[in-house]
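For the single chain, residues carry numbers from 1 onward in sequence order.
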Amino acid sequence: QGASVTLFSGIFSRRPAPGTSGLAAVNAAIEGLTRALALELGGHVRVNAISPGLTQTEAYAGMPEADRQAMFAGAAAALPARKVGDPGEVAAGAIFLMTNAFVTGHVLDIDGGAAIA
């Protein structure tokens, strides 16, 4: 009773790029699952999801530094926020979803505006 589940999807569910059909399908499935589980578990467990945009994490550590920085700079220039994400910004969204008892079935975009750009 009162539990919270936070899932993660991604921007490709709504803005796929060439070569990302698998990611787009998985991300869209997670978002649909979020809404369905929120209905099915309503009153007992809240279910939400975060759709993060490009975030500076260790996932890109295998890239050469110059390539990684160029990728981040190019992405930042195309975003309304003019920056890529920081893991702490995504974590703040997760904490919000986990602690706000009046939010369920929601997909929170933490993407610097990628969904609208």
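- The shortest side-chain heavy-atom distance between S4 and L97 does not fall under the 4.5 Å cut-off.
- The heavy-atom pair separating P16 from A24 by the smallest distance is CB-CB, 4.0 Å.
- Each ring pair (Phe, Tyr, Trp, His ring centres under 6.0 Å) pair with one or both residues in residues 89-117, not counting sequence neighbours, would appear here, but there are none.
- The backbone N or O of D111 lies less than 3.5 Å from no partner atom in the side chain of D109, so there is not a single donor-acceptor pair.
- In this structure, CG in N48 is found 5.0 Å from OG1 in T104, a value given to the nearest 0.5 Å.
- Looking at heavy atoms from C-beta onward, T55 lies out of side-chain contact with D86 at the 4.5 angstrom threshold.
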Q) Can you list the steps and then say if R35 with E40 is a salt bridge (Lys or Arg N to Asp or Glu O under 4.0 Å)? A) CA-CA 9 Å; R35 292 183 287 274; E40 291 176 14; over 6 Å; no
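- F8 is connected to L108 through a chain of hydrophobic side-chain contacts under 4.5 Å among Ile, Leu, Val, Met, Phe, Trp and Tyr, so both are in one cluster.
- Side-chain contact between V84 and E89: absent, with no pair of heavy atoms (C-beta onward) separated by less than 4.5 Å.
- Heavy atoms only, all atoms of each residue included: G93 and I50 are closest at C-CD1, 3.8 Å.
- Annotation: side chain of D67 is not in contact with side chain of Y60 (no heavy-atom distance under 4.5 Å).
- Contact between S51 and G10 at its shortest, heavy atoms only, is OG-C, 3.1 Å.
- Side-chain contacts under 4.5 Å among hydrophobic residues (ILVMFWY), followed directly or transitively, place L33 together with V5, L7, V26, I30, L37, L41, V45, V47.
- Minimum heavy-atom separation, P87 to T57: CG-CG2, 4.0 Å.
- N27 places a side-chain N or O within 3.5 Å of a backbone atom of L23 that can act as its donor or acceptor partner.
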(Q) Using side-chain hydrogen bond (donor to acceptor under 3.5 Å, both in side chains), reason through R46 and T6 one step at a time and then give a plain yes or no. (A) CA-CA 8 Å; R46 294 177 309 101; T6 303; over 6 Å; no
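- When all heavy atoms are compared, the tightest approach of E31 to S13 is OE2-OG, 2.9 Å.
- Here the closest heavy-atom approach between residue G113 and residue L79 is recorded as C-CD2, 4.3 Å.
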